[in-house]
Amino acid sequence: MNTHTITDPSALLDERFRAAIIAAVPEFDPSRINTSITASRQPKFGDFQCNAAMGIAKRVGKQPREVAAAIVANLDVAGIASPITEADIAGPGFINITLLPEALAASLDALDSPQLGIPIPAQPKTIVVDVCGVNLAKQMHVGHLRSTVLGDAIARLNERAGHRVKRQSHVGDWGLPIAMVVEKLIELEDSGKSTDTITLDTLNTYYKSAQEKCKGEHTAHKAIIKYGSHPKALAECELRIEDADAAMKRAKSRLVALQSGDQRSVAVWQRIYDTTMTECLATCKRLNANITDEHSAGESTYRDELVGIVDDLVSRNIAEEDDGALIVRVDGIKAPCIIRKRDGGFLYATTDLAAIKRRVEKLEGDTVVYSVDSRQALHFKQVFGVARKAGYDLKSDGTQANLVHAAFGTIMGDDGKPFKSRSGGTAKLSDLLDEAVTRANASVAEKNPDMPDSERGPIAEAVAIAAIKYADLSNESIKDYVFNFDRMLAFEGDTGPYLLYALVRISSIFRKANESGIDTKGAMAAPFMLNDPAEKALALAILRYPRTLNGASEAFEPNRLCAFAYDLASSFSSFFDKCPVLHNDDAASQASRLRLCDLAGRVLRDALGTLGIPTVERM
RNA sequence: GCGUGCGUAGCUCAACUGGAUAGAGCACCUGACUACGGAUCAGGAGGUUGAGGGUUCGAAUCCUUCCGCGCGUGCCA
């Protein structure tokens with residue numbers, strides 16, 4: 001017997017109803033039975049309900065209520081739920097189920113283990129998760145928030161579900177833009193300036209100016225031709241284009257030097273790499289995202305594989321030449337996937353193909369999931385299509401790996417447009433975090449004036465990160481969402497701080513209990529007494545943890561676990577209000593409630609940990 | 001144009017993937033032994049789920065036609 005069957009009442013009910021359905025409707029293919037046991041939305045419909053009768057009735061051509069009655073007649077829920085009769089059949093054939101108090105207590109008791117009822121899969125899978133994906137010489141900005149936070153959460157969800165997870169950060173460390181910055185640094189060195197203590201901020205400036213220098217003027221030129229301008233301005237512009245062309249030429253030859261392993265170029269590149277990654281990984285750490293150096297898989301690491309892949313696709317007639325470029329056509333997609341430019345250069349599609357190959361063949365991924373902006377949907381459709389066509393998705397056992405684009409929407413500002421910094425540019429991620437921390441600090445100081453600064457600092461940091469991450473994770477990821485400090489940092493309502501507050505109250509109860517000499521340790525073995533509706537509601541909320549976690553991990557949807565966490569915190573708050581724990585003369589009830597508090601706290605903490613949200617003891 | 005996604009309370013979002021009377025949070029109104037942390041709890045008001053049609057016992061969810069918005073769209077990543 002596995003843990004799942006014991007701790008999750010819905011799993012227990014699933015078994016009993018399956019048996020009843022087989023007996024009640026023998027003509028129905030047992031392998032197609034879906035018992036459809038769900039938690040009831042309203043208490044008056046019981047604790048759980050079975051919605052299977054309607055669907056089965058349709059397929060076997062019977063009346064739904066007739067099927068429901070047959071199921072009930074063949075049903076044995078002894079030891080789990082109150083006896084179920086025809087009176088429990090409602091509407092078109094819903095079967096309402098109310099758990100026995102002792103069964104509820106037993107389930108809770110079984111869940112109360114270090115594993116917290118999460119089943120360990122018989123055959124763990126390997127899930128490769130594409131996360132973060134920063135670019136050299138560029139600061140992390142809002143655009144990286146979601147790929148980092150969501151990607152890490154998806155990784156954690158699958159780790160918690162018992163799978164092997166391999167994070168891969170596809171670092172943009174290759175190509176012309178980087179060569180431009182390398183060239184810039186070398187020019188500086190040649191003019192006698194030291195670049196030893198260069199910062200990422202400075203690199204970022206170089207990156208932008210190099211970009212503009214090499215192509216910005218061309219667009220300006222086009223605009224002038226199109227809309228007309230003073231001849232002098234035009235002449236000046238053309239002069240600058242000559243400059244730009246020269247710069248572009250230098251950058252391209254620098255790229256060649258870099259790619260062919262020129263020592264000096266590589267050394268400068270390495271410095272840029274180190275400077276960028278040191279700062280970005282620090283930001284990841286600050287975000288409580290488990291993304292470290294070992295997860296970095298830069299585009300440069302694929303450079304020696306690209307030629308082989310392209311040759312392979314050509315020799316197998318998967319790729320074809322078209323207008324000088326090399327393309328692969330994928331069924332159902334109009335736009336072909338370009339894997340080599342007319343000038344012989346490779347594109348990011350080529351690199352991504354190499355990445356898929358590595359992730360399936362070398363990293364042995366059963367699933368390769370990409371936490372990447374939804375605007376890249378077409379790109380991934382193409383690349384996945386090419387990979388399948390070429391068989392790069394085939395695992396060693398010959399079956400196909402599951403390629404998933406876990407797409408997410410854009411972060412918007414209050415004006416409904418993509419989020420910008422106050423000055424209008426792209427907002428640097430660390431600045432955003434700083435502002436959230438400042439605000440959290442002020443709030444904590446206001447609510448809790450006695451707390452010393454030294455204690456408040458780290459707490460404000462955790463509260464701010466929790467607020468930002470919860471806001472990001474709790475929405476359905478595919479949708480755009482509005483980034484609003486006031487809303488996410490509000491200590492009321494469906495926010496990160498509210499969840500932390502629930503934990504703080506639990507911690508506080510135990511602090512107080514221990515101070516007054518109550519045997520909290522002993523209470524951890526106390527029998528659960530769940531007589532008050534609020535106690536029962538809290539128990540039912542806790543018991544939903546295993547199912548919710550599995551559903552969220554399988555669907556790569558962290559927002560489901562967020563909803564669970566909020567529901568749990570909210571159920572706890574109601575319980576806290578109605579069921580005194582310490583101000584309670586009944587020793588048995590007190591012990592039960594202490595244990596319930598402890599379990600609720602551990603489950604909530606575990607859920608938040610699985611989302612990558614930091615927690616605190618006080619706030 | 002084609003492709004793709006979205007449209008739910010005044011605002012921000014859910015809806016266990018086709019289930020019962022569409023739920024939360026802000027904001028608004030009314031309450032709660034001076035509170036085991038009130039950063040809370042209980043209640044009220046707030047809806048033709050963009051519009052029409054279809055599928056069925058049952059639709060916010062699936063199909064279809066419109067409307068509106070976003071995004072992508074052959075040699076950037």
Does Arg342(A) put a side-chain nitrogen or oxygen below 4.0 Å from OP1 or OP2 of G74(B)?
no
G23(B) phosphate, OP1 or OP2, under 4.0 Å from Tyr566(A) side-chain N/O
no
For atom C1', what is the distance between C57(B) and G18(B), given to the nearest Å?
12 Å
Please list residues of residues 170-178 of chain A whose heavy atoms come under 4.0 Å from any atom in RNA chain B, ordered by number; otherwise none.
none
Which residues in residues 475-482 of chain A have a heavy atom closer than 4.0 Å to any atom of RNA chain B?
Asn475(A), Glu476(A), Lys479(A), Asp480(A), Tyr481(A), Val482(A)
What contact category does Ile333(A) fall into here, base, sugar-phosphate, or nothing, at under 4.0 angstrom with non-hydrogen atoms?
nothing
Counterpart residues, salt bridge (Lys or Arg N to Asp or Glu O under 4.0 Å), relative to [X] (two or more places apart):
| X | answer |
| --- | --- |
| Glu617(A) | Arg605(A) |
| Asp352(A) | none |
| Asp14(A) | Arg18(A) |

Just confirming the chi classification of U17(B), syn or anti, using 90° around 0 as the syn window.
syn
When you measure from the side chain of [X], which nucleotide among [options] comes out closest?
| X | options | answer |
| --- | --- | --- |
| Pro92(A) | C57(B), G74(B), U40(B) | C57(B) |
| Phe94(A) | A20(B), A42(B), G74(B) | A20(B) |
| Leu378(A) | G74(B), G37(B), U73(B) | U73(B) |
| Ala325(A) | G19(B), U40(B), G74(B) | G74(B) |

Quick one: pull up CD in Gln376(A) and NZ in Lys381(A) and give me the separation to the nearest 0.5 Å.
15.0 Å
Let's test your reading of the model: under 3.5 Å, does the base of C75(B) pair with the side chain of Asp323(A) as donor and acceptor?
yes
Is there a donor N/O on one and an acceptor N/O on the other, under 3.5 Å, for the side chain of Gln49(A) and the base of A20(B)?
yes
Which residues share a side chain to side chain contact (heavy atoms under 4.5 Å, CB included) with Asp173(A), sequence neighbours left out
Leu136(A), Val171(A), Trp269(A), Tyr273(A), Glu299(A), Ser300(A)
Partners passing side chain to side chain contact (heavy atoms under 4.5 Å, CB included) against Asn96(A) (at least two apart in sequence or in another chain):
Phe45(A), Gln49(A), Ala90(A), Phe94(A)
Every protein N/O within reach of nucleotides 59-63 of chain B N/O, cut-off under 3.5 Å:
none

I'd like a table of atom pairs between the protein and nucleotides 27-32 of chain B - only N or O on both sides, under 3.5 Å - with the distance next to each one.
none

Leu538(A) CG to C41(B) P, in whole Å, measures 13 Å
Taking the nucleotide of RNA chain B with the nearest heavy atom to each, does Glu557(A) or Tyr348(A) sit closer to the 5' end?
Glu557(A)
Residue pair Ile411(A) / Asp480(A), side-chain heavy-atom distance below 4.5 Å
no
Pairing pattern in dot-bracket form [Watson-Crick, G-U; both distances under 3.5 Å; | = partner strand] for RNA chain B:
(((((((..((((.....[...)))).(((((.......))))).....(((((..]....))))))))))))....
Should Leu503(A) and Leu499(A) be marked as a side-chain contact (heavy atoms from CB on, under 4.5 Å) after you check the CA-CA gap, both sets of side-chain angles, and the distance that decides it?
CA-CA 7 Å; Leu503(A) 280 176; Leu499(A) 300 181; over 6 Å; no
Report the residues that fulfil ring-ring contact (aromatic ring centres under 6.0 Å, His included) with Phe48(A), sequence neighbours left out, ordered by chain and then residue number.
none
Hits for ring-ring contact (aromatic ring centres under 6.0 Å, His included) against Tyr481(A), two or more places apart or cross-chain, chain-then-number order -> none
